[in-house]
Undergrad: 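Let me give you the structure first, and then I'll get to my questions.
In what follows, chains are A, B, ... by sequence order, proteins preceding strands, each numbered from 1.
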There are 2 protein chains.
Amino acid sequence: MSVPPEEAAKDIFEVVPIIMREIRSVMRSKRPPVLTVPQYRALSFVDRNAGSSLLDVANHLGLTPPSTSKLVDGLIGHGLMTREEQPVDRRRLKLAVTDRGHKDMIAARQGTLAYLTDRLRNMDEGDREVIVRAMKALHLVFTGNPKIGERWG
Amino acid sequence: MSVPPEEAAKDIFEVVPIIMREIRSVMRSKRPPVLTVPQYRALSFVDRNAGSSLLDVANHLGLTPPSTSKLVDGLIGHGLMTREEQPVDRRRLKLAVTDRGHKDMIAARQGTLAYLTDRLRNMDEGDREVIVRAMKALHLVFTGNPKIGERWG
DNA sequence: ATAATTAGTTAGAAAGGCTAATCGTTAGAA
DNA sequence: TTCTAACGATTAGCCTTTCTAACTAATTAT
């Protein structure tokens, strides 16, 4: 039986915001320290791509450069990231994650994954397989990249 | 082959924020009028459940009553919702969506669905079926409700 | 050399979220 | 029945996130 794209879109639009709210809520509930979802995403990205510029991060997060600048300001203020000048092109920043930033990022990830894992533990195993396949397909559609998981190194 | 809950959790945590960012970005890009995701969700809920109280909406959105009060204030200020007193219990509000609120909500929904549909159009049909099944399973896990789609009336 | 482009920041506004305190209404118990 | 407890909603005050517009500094191209 055929599944039109409209139907899949409807279901995604219904369910994704619900899950996202849970994720946000879990990440906010850990304290201290607190990492918001964008903060976590920024740390994670720079951690994987050492020496990223501000625009690299902005593109990855889907934020404007000013918003990203403020976000990075905050992370630096909390000692989770550093901002260096590059001799090659003095306009471009060279961002890097500090040890503490790395630790906080891992902690935030673990906390959230533990929560999600717990939610998924009692479900039908076939459903979990379907979810994994769906996430891979969606990742491809929305990023052009078929591979999930580089993020986790 | 067995899919442990940890793996599904990881994939969800990777992919859901990406999709959510797209949804948010599409909803923000329509103008005028602009509806944010929580605004859309509040309108949609009240539209389906005419006469809802503020707490009903707050529970649905997962927000505190004060936050919801502000959100509703904004919607009323833009002429998208009305707030009435109930004679039965004068503490409880009776919220309702105006014609314009209904129209804006439909427009926001259509715009977002059109975007998502477009993204999903060129994918393998089997993948779409997997996505639909995954969304239903996730909806059940995160809401306790197996049924998606009441939202759309 | 000067103009255009690029990277990033600052300024100012709006939205969205929280907790704590308050007000009016209703329900329950002495 | 009265008085107290609980409930629904708002206000006040705070902080964060995001935007757009305007700016500075550095680099590239004409």
Side-chain angles (χ1 to χ4, degrees), chain A residues 17 20-42 46 51-78 80-95, chain B residues 17 20-43 46 51-78 80-95 108:
Chain A
M20 195 62 209
R21 206 174 41 245
E22 298 282 317
I23 290 176
R24 219 182 294 281
S25 152
V26 174
M27 294 203 69
R28 262 202 293 260
S29 72
K30 305 292 167 195
R31 99 188 83 218
V34 194
L35 284 185
T36 64
V37 171
Q39 283 173 337
Y40 165 79
R41 283 173 57 79
V46 174
S52 300
S53 74
L54 189 98
L55 285 191
D56 293 337
V57 177
N59 279 330
H60 177 72
L61 297 181
L63 295 181
T64 58
S67 302
T68 310
S69 184
K70 262 196 194 171
L71 176 70
V72 167
D73 263 0
L75 290 171
I76 290 171
H78 286 84
L80 309 181
M81 213 182 248
T82 60
R83 171 162 38 197
E84 271 179 59
E85 206 180 56
Q86 259 186 339
V88 192
D89 181 342
R90 304 227 318 278
R91 292 171 305 181
R92 266 187 116 74
L93 297 184
K94 202 168 95 176
L95 297 172
Chain B
M20 194 61 209
R21 192 186 74 210
E22 298 283 316
I23 290 175
R24 218 183 295 282
S25 153
V26 174
M27 293 203 68
R28 260 201 296 258
S29 72
K30 305 293 167 197
R31 103 187 82 219
V34 193
L35 283 185
T36 64
V37 171
Q39 283 173 338
Y40 166 78
R41 284 175 56 79
L43 279 177
V46 173
S52 301
S53 74
L54 190 97
L55 283 191
D56 294 336
V57 178
N59 280 331
H60 177 73
L61 298 181
L63 298 180
T64 57
S67 302
T68 310
S69 186
K70 256 200 204 176
L71 177 70
V72 166
D73 261 0
L75 291 171
I76 291 172
H78 287 84
L80 309 180
M81 213 183 248
T82 58
R83 173 164 33 198
E84 271 179 57
E85 206 179 57
Q86 258 186 339
V88 191
D89 181 342
R90 305 230 315 277
R91 291 171 304 183
R92 269 184 114 77
L93 296 185
K94 203 168 96 178
L95 296 171

Undergrad: Rounded to the nearest angstrom, tell me the gap between atom CG in B/Leu61 and atom P in C/dC18.
TA: 10 Å

Undergrad: Can you check side-chain contact (heavy atoms from CB on, under 4.5 Å) on A/Leu71 and A/Leu61, steps first, answer last?
TA: CA-CA 11 Å; A/Leu71 176 70; A/Leu61 297 181; 3.4 Å; yes

Undergrad: Looking only at N and O atoms, is any donor in the side chain of A/Lys70 or the base of D/dT18 less than 3.5 Å from an acceptor on the other one?
TA: yes

Undergrad: Answer with base, sugar-phosphate or nothing: what part of the nucleic acid does A/Arg83 contact at a heavy-atom distance below 4.0 Å?
TA: sugar-phosphate

Undergrad: Below 4.0 angstrom from OP1 or OP2 of C/dG17, is there any side-chain N or O of B/Ser67?
TA: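 False: B/Ser67 side-chain N/O out of range (4.0 Å or more) of C/dG17 OP1/OP2.
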
Undergrad: In whole angstrom, what separates A/Leu93's CG from C/dG8's C1'?
TA: 6 Å

Undergrad: Please assess B/Asp56 against B/Leu95 for the test side-chain contact (heavy atoms from CB on, under 4.5 Å), listing each intermediate value before the final yes or no.
TA: CA-CA 10 Å; B/Asp56 294 336; B/Leu95 296 171; over 6 Å; no

Undergrad: B/Asp89 side chain: which of C/dT25, D/dT27, D/dA9 is closest?
TA: C/dT25

Undergrad: Just so I know, are the side chains of A/Leu63 and B/Arg21 near enough to count as touching, which here means a heavy-atom distance under 4.5 Å?
TA: no

Undergrad: Below the 4.0 Å mark, does D/dT17 have OP1 or OP2 next to a side-chain nitrogen or oxygen of A/Thr36?
TA: yes

Undergrad: If C/dA3 has a Watson-Crick or G-U wobble mate with both distances under 3.5 Å, name it; if not, just say none.
TA: D/dT28

Undergrad: Using the side-chain contact (heavy atoms from CB on, under 4.5 Å) rule, take B/Arg41 and B/Val37 through it: C-alpha gap first, then chi angles, then the decisive distance, then the call.
TA: CA-CA 6 Å; B/Arg41 284 175 56 79; B/Val37 171; 4.0 Å; yes

Undergrad: If you define the side chain from C-beta out and look only at heavy atoms, does anything of B/Ile23 sit under 4.5 Å from A/Met20?
TA: no

Undergrad: Of B/Glu85 and A/Asp73, whose nearest nucleotide on DNA chain C comes first from the 5' end?
TA: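 Looking at DNA chain C, the more 5' nearest nucleotide goes with A/Asp73.
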
Undergrad: Please report, rounded to the nearest Å, how far the P atom of C/dG24 is from the CG atom of B/Leu54.
TA: 18 Å

Undergrad: From CZ of B/Arg92 over to P of C/dA27, roughly how many Å is that when rounded to an integer?
TA: 11 Å

Undergrad: Would you mind reading off the distance between A/Asn59 atom CG and C/dG8 atom P, rounded to a whole angstrom?
TA: 10 Å

Undergrad: Rounded to whole angstroms, how far apart are CZ on B/Arg21 and C1' on D/dT18?
TA: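 These atoms are roughly 15 Å apart.
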
Undergrad: Please report the distance, rounded to the nearest Å, between CE in B/Met20 and P in D/dT17.
TA: 17 Å

Undergrad: Between the base of C/dT25 and the side chain of B/Arg90, is there a donor and acceptor pair under 3.5 angstrom?
TA: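 There is none.
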
Undergrad: Where the side chain of B/Thr64 is defined as all heavy atoms beyond and including C-beta, which of C/dT9, D/dT27, C/dT19 is the nearest nucleotide?
TA: C/dT19

Undergrad: Mind checking if A/Thr68 touches a base, just sugar-phosphate, or nothing, with heavy atoms under 4.0 Å?
TA: nothing

Undergrad: Think A/Arg91 has a side-chain N or O under 4.0 angstrom from the OP1 or OP2 of C/dG8?
TA: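 No, A/Arg91 has no side-chain N/O under 4.0 Å of OP1/OP2 on C/dG8.
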
Undergrad: CE of A/Met27 to OG1 of A/Thr36: how many Å apart, nearest 0.5 Å?
TA: 7.0 Å

Undergrad: Specify the residue among B/Gln86 and B/Pro38 whose closest nucleotide of DNA chain C lies further upstream toward the 5′ end.
TA: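 Looking at DNA chain C, the more 5' nearest nucleotide goes with B/Pro38.
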
Undergrad: So B/Leu63, base contact, sugar-phosphate only, or nothing? Heavy-atom distance under 4.0 Å.
TA: sugar-phosphate

Undergrad: Taking the nucleotide of DNA chain D with the closest heavy atom to each, which residue, A/Leu71 or B/Ser52, is nearer the 5' end?
TA: B/Ser52

Undergrad: Would you kindly give the NE2-to-C1' distance between B/His78 and C/dA14, to the nearest whole Å?
TA: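 In whole Å, C/dA14 C1' and B/His78 NE2 are 10 Å from each other.
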
